[in-house]
Amino acid sequence: MRYTIVIEKSPQNYAAYVPDLPGCVATGTSEAEVIDEIREAIQLHIESLREHHEPVPEPRSTAAVVDVLAVAR
């Protein structure tokens, strides 16, 4: 499966979450580390859902980056 993740930079680390898997989050000291951590978190999250006989949500989210022009004041 291929899930969309969102990565946010904070002053001290990076955080990631999975819109299609509520509660599935991870942190890391770099973007590469947080990607590795969220990959593992996704695997563990799905394992837990299966162990508890809960449905595993299908990946549905997508992401895009848009450029926004600055408005002069």
Side-chain angles (χ1 to χ4, degrees):
M1 286 194 219
R2 193 169 199 180
Y3 285 96
T4 297
I5 64 170
V6 177
I7 300 171
E8 297 177 343
K9 171 84 171 99
S10 73
Q12 298 176 353
N13 66 359
Y14 289 81
Y17 66 93
V18 186
D20 293 322
L21 298 173
C24 188
V25 298
T27 61
T29 57
S30 68
E31 191 170 333
E33 182 179 351
V34 80
I35 290 170
D36 288 341
E37 294 294 327
I38 197 68
R39 182 178 289 112
E40 183 176 352
I42 291 167
Q43 291 169 340
L44 294 171
H45 193 90
I46 291 172
E47 283 177 23
S48 178
L49 289 171
R50 288 183 175 147
E51 286 173 6
H52 292 93
H53 306 286
E54 297 179 32
V56 176
E58 289 292 321
R60 297 180 187 267
S61 297
T62 61
V65 176
V66 296
D67 292 320
V68 178
L69 299 176
V71 178
R73 293 184 187 226

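Owing to the predicted nature of the structure, the values given are computational and were not obtained by experimental measurement.
- Residues that satisfy the side-chain contact (heavy atoms from CB on, under 4.5 Å) test with H53, not counting sequence neighbours, are absent from this structure.
- Residue V66 belongs to a hydrophobic cluster whose other members are V68, with links defined by side-chain heavy atoms closer than 4.5 Å.
- Counting non-hydrogen atoms of neighbouring residues, nucleotides and ligands closer than 6.0 angstrom, the CD atom of E54 exceeds 12 such neighbours.
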Show the atom names and distances, to 0.1 Å, of all donor-acceptor pairs under 3.5 Å that link a side chain in residues 31-44 to residues at least two apart or in another chain.
from, atom 1, to, atom 2, distance (Å)
E33, OE1, T29, N, 3.1
E33, OE1, T29, OG1, 2.4
D36, OD1, R39, NH1, 3.3

Identify all side-chain donor-acceptor contacts of residues 2-9 below 3.5 Å with residues at least two apart in sequence or on another chain.
from, atom 1, to, atom 2, distance (Å)
Y3, OH, P57, O, 2.5
T4, OG1, S61, O, 2.7

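- D20 places no side-chain N or O within donor-acceptor distance of the main-chain N or O of P59, the cut-off being under 3.5 Å.
- Looking only at side-chain heavy atoms (C-beta outward), H45 and V18 stay at 4.5 Å or farther from each other.
- Under the side-chain hydrogen bond (donor to acceptor under 3.5 Å, both in side chains) criterion, S10 pairs with N13, sequence neighbours left out.
- A search for side-chain contact (heavy atoms from CB on, under 4.5 Å) contacts involving S48 returns H52, not counting sequence neighbours.
- In terms of the side-chain contact (heavy atoms from CB on, under 4.5 Å) criterion, E51 has no residue partners (sequence neighbours excluded).
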